[in-house]
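As structure tokens, the structure follows; a few thoughts come after it.
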Amino acid sequence: MTLFSKEIHFWSVGAVLVSALMLLLGGCTEVNDELGVGVIPPGQQFEMKFATLEEGIESYLTLSDSIATSSLDYAYFGKMTDPNYGARMKASALVQFEYSLRTDTVAHKDRASKVDSLALLLGMKTLGGDTLKEQSFDIYRLHKILKRDSTYYNGLEVSEFVDSRPMFSCTFSGKPRGANAFDTLSLKVVDAELAEKFMADLWNDTTLYAKDSLFIAQMGGLCITPSGTSPDDAAIYGLNLQWGTEEGPNSYLLAYGHEYPANDDPSLVEDEVMRAFAITNNRSYANTAAATALDYDYSATSWGGYINVDVQSDEELQNPVSEGFVQSMMGVTTTLELGEKFMADLRGLVPEGCDIFINKAELKLYLSDDDYTLFDSAPQRLGAYVDYPSLTSVADYNYYYEENYDMELVYDGYLNRTQACYTMNIAMHLQQLLMDTENTLSHRITLGMPAYEMISDAMVGLKMVGGTKPVKIDITYTVIGK
């Protein structure tokens, strides 16, 4: 622990001010020379001090499977590999749809109709990865219904929601067309029996179109997931779930068919027919739901075996590490544990018979590799949390206040490219720990993505305990005599 101080004696400052005041007012005939006497207690002083605490901090790799994905504006699907750290990720989109429009609005008694093919017409964007790699996707039918009033998490088990085999498949590569155009994914039949059943249900029982709850209960929904043959180092895409937003066009399941003479050959074509079903989770307009399931694969890294998966607050963390990582898309995080030695040093800053006020407490985290080419792929800011799955932040990182009241926090947390480090002011959090005489607060801080920037392809490595530039906290505090 490094410590030095600057002492400010208020009785001496007060004497100088009183002397100056007497000189200025010396020509007055009536002066109350006792003005202010007794306001400042005799011997009262404030002392500004500085300390660096770095002992007693342990660092661990953590991963949660309980972060909500059912309230996102996009559902994500695809595979990608981080080019710098080798972490792999697979995303599967579980979506529901409801009837939107049809071209066969006029009923003809002498005609029947038949569905011929399906396609996905999507408003898409690229999350990250190599869009030049072609991917194949399997399309499953959901047999377990997503409920609109339920919350679904990144660790959702896809196998619990889908049939044993996919109905369709499709391929995609390249960059999506963006906010001004649709991308079309033509569906090819994989399992004829499952596909025909789904298409018949979608096309024939049009009475379900009148009530979306009945329609959703009948049709279930779709799961779009990378097939086993898709390359690991491709890209992850998002399909827009919101209607009428600036993010891009809406997303649809399209059914193409034709009308033919009743009681005649179904292959005869009288008229072509199209029906559209909106894919959305916009709760202002629909009763549908959506979620993204994320699978993480760290087997290609040297540190994947050290990750603590879904550890509860009362469970002991295992495998301390000297290098931490923070990954977007609810991936790996780094958790600091402020141990007994750290807390003893923190309490040791308080002289006997005094209190302290922590003015600033800068948690400094240096990048494990200060190669400037990695700066753009690193998160431009880090968040600090006492509970990452629920995004419960330390008191200093009040992201809701910052976002909704347009106020810049003294917390900081941004990447300093000159020093290749993140600096986070956690003064209020340490003050709370210092005042927690009942030891009810958690001594863990999880370093993760900013709360409003969870969805990206960013990742960074951080120096932790030991070695050069280890994690440390520089504290500026004021000792208040009693």
Side-chain angles (χ1 to χ4, degrees), residues 63-65 67 69 72-95 120 122-140 142 152-162 165-178 183-188 190 222-241 251 279 290-304 307 309 325-333 377 379 449 454-460:
L63 179 67
S64 174
D65 60 3
I67 303 176
T69 64
L72 301 177
D73 291 343
Y74 280 78
Y76 295 90
F77 58 99
K79 288 182 181 179
M80 71 178 186
T81 299
D82 186 273
N84 301 316
Y85 304 101
R88 299 169 183 165
M89 187 183 302
K90 173 185 174 182
S92 303
L94 287 76
V95 297
L120 292 170
L122 304 180
M124 290 175 61
K125 72 174 183 179
T126 305
L127 174 73
D130 186 353
T131 59
L132 297 179
K133 299 284 180 67
E134 183 177 77
Q135 290 189 80
S136 61
F137 299 98
D138 292 331
I139 314 298
Y140 291 83
L142 300 185
Y152 299 95
Y153 302 96
N154 59 323
L156 179 149
E157 289 290 342
V158 172
S159 59
E160 296 181 5
F161 286 80
V162 301
R165 282 180 52 78
M167 302 179 292
F168 306 98
S169 68
C170 63
T171 60
F172 189 80
S173 64
K175 292 185 177 181
R177 302 176 70 185
D183 288 283
T184 303
L185 282 65
S186 298
L187 304 189
K188 299 178 181 179
V190 173
L222 297 175
C223 174
I224 308 171
T225 185
S227 68
T229 59
S230 278
D232 291 330
D233 57 348
I236 290 181
Y237 301 99
L239 67 90
N240 185 21
L241 297 169
S251 299
I279 300 173
T292 297
L294 295 164
D295 293 316
Y296 310 96
D297 181 1
Y298 302 103
S299 60
T301 70
S302 60
W303 42 266
I307 299 176
V309 179
F325 295 92
V326 173
Q327 182 185 21
S328 60
M329 291 300 288
M330 302 87 170
V332 66
T333 53
S377 60
M449 293 294 294
M454 300 283 285
I455 309 302
S456 73
D457 61 342
M459 189 169 181
V460 68

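Just so it is clear, the values below take in all heavy atoms, side chains as well, and ignore hydrogens, waters and symmetry mates.
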Between [X] (side chain only) and [Y] (backbone N and O only), is there a donor and an acceptor less than 3.5 Å apart?
| X | Y | result |
| --- | --- | --- |
| Thr292 | Tyr76 | yes |
| Thr81 | Asp232 | yes |
| Asn154 | Ala293 | no |
| Ser136 | Thr171 | no |
| Ser230 | Gln135 | no |
| Ser456 | Ala458 | yes |

Counterpart residues, side-chain hydrogen bond (donor to acceptor under 3.5 Å, both in side chains), relative to Tyr298 (two or more places apart): Gln327
Worked check of side chain to side chain contact (heavy atoms under 4.5 Å, CB included) between Asp183 and Leu120: CA-CA 8 Å; Asp183 288 283; Leu120 292 170; over 6 Å; no
Side-chain contact test, heavy atoms from C-beta onward, threshold under 4.5 Å: evaluate it for [X] versus [Y] and give yes or no.
| X | Y | result |
| --- | --- | --- |
| Ile236 | Met89 | yes |
| Asp130 | Met80 | no |
| Phe172 | Leu185 | yes |
| Tyr153 | Asp65 | no |
| Ser92 | Pro226 | yes |
| Ile279 | Leu122 | yes |
| Met449 | Val326 | yes |
| Arg165 | Val190 | yes |

Drop me the distance from [X]'s [atom1] to [Y]'s [atom2], to the nearest 0.5 angstrom.
| X | Y | atom1 | atom2 | result |
| --- | --- | --- | --- | --- |
| Phe137 | Ile224 | CZ | CD1 | 8.5 Å |
| Asp73 | Ile455 | CG | CD1 | 10.0 Å |
| Cys170 | Ile139 | SG | CD1 | 4.0 Å |
| Tyr74 | Leu239 | OH | CG | 9.0 Å |
| Asp138 | Leu187 | CG | CG | 11.0 Å |
| Met329 | Thr69 | CE | OG1 | 8.5 Å |

If you compare all heavy atoms of [X] against all heavy atoms of [Y], which two are closest, and at what distance to 0.1 Å?
| X | Y | answer |
| --- | --- | --- |
| Tyr85 | Asp82 | N-OD1, 2.9 Å |
| Ser227 | Lys79 | O-NZ, 3.7 Å |
| Tyr152 | Ala291 | CB-CB, 3.7 Å |
| Thr126 | Pro176 | OG1-CD, 2.8 Å |

NZ or CZ of Lys125 within 45° of Tyr237 ring axis and under 6.0 Å: no
Step-by-step side chain to side chain contact (heavy atoms under 4.5 Å, CB included) determination, Val460 to Phe325: CA-CA 6 Å; Val460 68; Phe325 295 92; over 6 Å; no
Working for salt bridge (charged side-chain N to carboxylate O under 4.0 Å, His left out), residues Asp233 and Lys133: CA-CA 8 Å; Asp233 57 348; Lys133 299 284 180 67; 2.8 Å; yes
Matching residue for Ile307 among Val332, Thr333, Thr301 - test: side-chain contact (heavy atoms from CB on, under 4.5 Å): Val332
Audit row: Tyr296, Met330, side chain to side chain contact (heavy atoms under 4.5 Å, CB included) steps and yes/no: CA-CA 10 Å; Tyr296 310 96; Met330 302 87 170; 3.4 Å; yes
CA sep, side-chain torsions, deciding dist, call: Leu241, Val95, side chain to side chain contact (heavy atoms under 4.5 Å, CB included): CA-CA 9 Å; Leu241 297 169; Val95 297; 4.0 Å; yes
